[in-house]
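Side chains included, hydrogens not; waters and symmetry mates left out as well; all remaining heavy atoms used. Here is the naming used below: chain letters follow the sequence lines, and residue numbers restart at 1 for every chain.
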Protein chains: 2
Amino acid sequence: MERPELPLAQLHAFVVLAEELHFGHAAARLGIAQPPLSQQIRRLEDKVGHALFTREPGRVALTAAGRELLPAARRALTDLADGLAAARAVGSGRAGRLRIGFAASLALTVLPGLLRAFRERLPDVRLDIREMTTAPQIAALRDKTIDVGLLREPPAGDTAGDTAYGPELCFRTVLTEPFVAVLPSAHPLAAPRTVRLARLADEPFVLLPRTAGPRLHDQIIGLCEAAGFTPRIAQRAVEWQTVCALVETGLGVSLAPASIRRIRLKGVAFRTVEPNARTRVAVGWRKDDRSPLVAQLLATVSGDPGSAR
Amino acid sequence: MERPELPLAQLHAFVVLAEELHFGHAAARLGIAQPPLSQQIRRLEDKVGHALFTREPGRVALTAAGRELLPAARRALTDLADGLAAARAVGSGRAGRLRIGFAASLALTVLPGLLRAFRERLPDVRLDIREMTTAPQIAALRDKTIDVGLLREPPAGDTAGDTAYGPELCFRTVLTEPFVAVLPSAHPLAAPRTVRLARLADEPFVLLPRTAGPRLHDQIIGLCEAAGFTPRIAQRAVEWQTVCALVETGLGVSLAPASIRRIRLKGVAFRTVEPNARTRVAVGWRKDDRSPLVAQLLATVSGDPGSAR
DNA sequence: TGGGCTGATATCTCTAGGCGTATGGAGCGC
DNA sequence: GCGCTCCATACGCCTAGAGATATCAGCCCA
């Protein structure tokens with residue numbers, strides 16, 4: 001590709017004149033006087049090396065060379081205008097792509113509302129969402145596989161990571177929710193509205209593997225220990241959906257964030273636990289991520305009315 | 001289409017930098033120092049309104065906005081370069097289209113050589129050739145249906161026309177050729193090599209209609225009258241091919257330019273006439289036609305070795 | 001023959017932008 | 001800590017080009 005030394009203004013003038021075929025009118029449309037237009041065309045013709053218009057008294061017409069140049073000039077100008085507009089849209093966060101990881105349990109609670117609100121604010125942004133548990137989200141944020149994560153119990157005081165493990169990550173709490181006990185409907189403890197945690201001491205537990213979300217896992221174990229027992233884990237499952245199904249078959253009980261109440265299985269009961277404790281849901285992102293889309297998503301999460309324009 | 005105020009040089013710099021992802025190397029490829037390149041990119045980013053590259057120490061990378069702009073910029077630049085090249089080619093006469101009218105009798109003589117020579121000189125020029133007699137060629141030249149005509153006996157002293165009838169036309173003689181008598185082989189006058197024109201006085205004649213080419217027609221009639229008789233016209237035909245066929249059937253004799261000797265019909269003989277007279281073949285074009293292709297064709301006709309480059 | 005229209009030319013001004021050299025400052029490796 | 005690489009910044013110079021106004025030249029029409 002060689003050095004393309006010709007001002008775009010000349011091309012624009014050329015295209016307009018080719019449409020008007022009248023110097024006065026074309027100049028008016030360009031918002032300039034007629035002599036400058038004559039100059040523009042002249043300069044362009046000098047660069048091309050050949051006349052682009054014939055100026056017979058009375059009528060202006062394209063030459064063969066002009067006819068050849070016209071479509072290319074038009075294409076170049078529209079390509080450029082479109083490209084600029086697209087780049088501006090992406091740059092300002094009005095368009096583009098945002099990859100979001102989310103914990104499966106949120107698919108039924110915060111996620112739908114968030115997606116709806118974001119889409120309303122920025123309809124031209126494509127949202128790629130993928131379900132993943134907490135730990136993989138941290139990894140995915142670090143290696144830039146996702147841009148935003150919606151996860152439970154983020155690591156270390158709302159900020160984590162050092163450069164050795166990748167970019168520094170930030171977290172902000174979106175909501176907190178209480179824990180509930182997950183019991184088979186037929187279980188005696190399912191009868192009252194509330195279950196004291198200590199009563200679950202001898203029950204077998206069904207939980208997510210610790211690797212899926214160490215902090216949440218540790219918090220659950222910690223709650224049990226605070227209640228005076230160490231839970232005996234009978235079975236692991238990677239999704240809350242599965243956990244509930246296993247509870248239904250009588251394999252054990254579980255302790256889970258309240259939002260899994262949305263999982264409706266007829267053989268399973270959810271009961272408030274005593275003493276009550278809450279788990280946090282947070283958004284996480286790369287601290288050095290300058291993408292306006294991330295900012296927009298954070299604003300949406302915060303309930304900011306936003307400025308889509 | 002809005003006013004596209006951004007210098008192309010910046011776009012070029014952008015594309016090159018996007019390929020190199022290294023300011024120093026890109027600047028070298030552009031043949032400038034590194035600071036100017038930084039400025040170019042900066043100005044472009046200012047106009048776009050957003051960063052196009054991330055400059056982390058060690059590596060330069062495109063931003064999302066930059067990725068959006070890149071293909072459009074590339075397209076615009078190549079479109080423009082191609083369009084300019086095409087316009088220059090057409091403008092300089094290295095490419096384009098030339099419409100040529102020619103008298104049918106020339107299809108066997110000057111035309112093939114001319115086309116071959118022209119095509120060799122300018123292989124990218126498309127030649128649209130169409131057979132037509134003299135008078136229609138004049139009309140077609142005037143209304144710009146053809147650009148060049150190859151015809152017999154052009155009107156009035158190598159130049160003709162006034163503005164009332166359209167553009168002024170020019171003619172240049174390509175070659176002159178003698179007349180021949182067209183006789184049935186069995187005809188007594190076909191026996192000797194040469195025929196005295198006066199001997200044809202009592203023969204019926206087969207000729208083209210006068211409207212096809214008034215000057216040639218008048219010239220033929222004039223020759224006969226100079227030989228002391230007015231030819232009796234038994235039949236008209238619009239093509240020499242047909243004239244020969246009619247002569248073969250014994251419908252009459254004819255007087256024709258020598259080049260129709262190429263029409264080989266076993267029952268027809270061509271004989272040199274006495275006194276000898278010659279007819280002219282000319283190229284015609286619009287005097288105000290500035291097309292370089294016309295000039296090139298004229299040069300080819302004149303046997304000019306030409307300068308295709 | 002004299003306006004009216006159309007486009008070209010001449011002249012002047014102003015400024016954006018392109019380039020160079022010199023310099024600054026942040027990582028990175030030894 | 002030193003030097004190296006790499007990019008940004010600061011300044012100064014210079015030209016191209018865009019714009020305006022004034023004027024001229026050809027053509028058409030009345």
Whole angstrom is fine here: how far is it from [atom1] in [X] over to [atom2] in [N]?
{"X": "B/Ile32", "N": "D/dC7", "atom1": "CD1", "atom2": "P", "answer": "13 Å"}
{"X": "B/Leu8", "N": "C/dG17", "atom1": "CG", "atom2": "C1'", "answer": "14 Å"}
{"X": "A/Ile41", "N": "C/dT9", "atom1": "CD1", "atom2": "P", "answer": "13 Å"}
{"X": "A/Leu44", "N": "D/dA16", "atom1": "CG", "atom2": "C1'", "answer": "15 Å"}
{"X": "A/Leu52", "N": "C/dA8", "atom1": "CG", "atom2": "P", "answer": "12 Å"}
{"X": "A/Phe53", "N": "C/dA8", "atom1": "CZ", "atom2": "P", "answer": "10 Å"}
{"X": "A/Leu11", "N": "D/dG17", "atom1": "CG", "atom2": "P", "answer": "13 Å"}
{"X": "B/His12", "N": "C/dC19", "atom1": "NE2", "atom2": "C1'", "answer": "16 Å"}

Legend entry - Polar contact flag, side-chain donor to acceptor under 3.5 angstrom, A/Arg130-A/Thr145: no

Inset, instruction - Answer with yes or no whether the side chains of A/Gln34 and A/Ser38 bring together a donor and an acceptor at under 3.5 Å. - result: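 Side chains of A/Ser38 and A/Gln34: pair found under 3.5 Å.
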
Does the side chain of [X] get closer than 4.0 angstrom to OP1 or OP2 of [N] through an N or O atom?
{"X": "A/Arg43", "N": "D/dA18", "answer": "yes"}
{"X": "B/Arg59", "N": "D/dC6", "answer": "no"}
{"X": "A/Ser38", "N": "C/dA8", "answer": "yes"}
{"X": "B/Gln10", "N": "C/dG18", "answer": "yes"}
{"X": "B/Lys47", "N": "C/dA16", "answer": "no"}
{"X": "A/Arg55", "N": "C/dA8", "answer": "yes"}
{"X": "A/Gln40", "N": "D/dG19", "answer": "yes"}
{"X": "B/His22", "N": "D/dC7", "answer": "yes"}

Inset, instruction - Hey, could you give me the CG/CG distance between A/Leu44 and A/Leu69, rounded to the nearest 0.5 Å? - result: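 Taking CG in A/Leu44 and CG in A/Leu69, the distance rounds to 6.5 Å.
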
Choosing from [options], which nucleotide comes nearest the side chain of [X]?
{"X": "B/Arg42", "options": "C/dG17, D/dT9, D/dC7", "answer": "D/dT9"}
{"X": "A/Gln39", "options": "C/dT11, C/dC19, D/dC7", "answer": "C/dT11"}
{"X": "A/Ala9", "options": "C/dG18, D/dC7, D/dA18", "answer": "D/dA18"}

Legend entry - Cationic N near anionic O, under 4.0 Å, A/Glu45 to B/Arg88: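 Looking at A/Glu45 and B/Arg88, the cut-off is not met.
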
Inset, instruction - For the pair A/Arg210 and A/Asp218, find out whether any cationic side-chain nitrogen is under 4.0 Å from an anionic carboxylate oxygen. - result: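 A/Asp218 and A/Arg210: salt-bridged.
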
Legend entry - Check: A/Gln34 side chain, D/dG19 base, donor-acceptor under 3.5 Å: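 No, the side chain and the base share no sub-3.5 Å donor-acceptor pair.
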
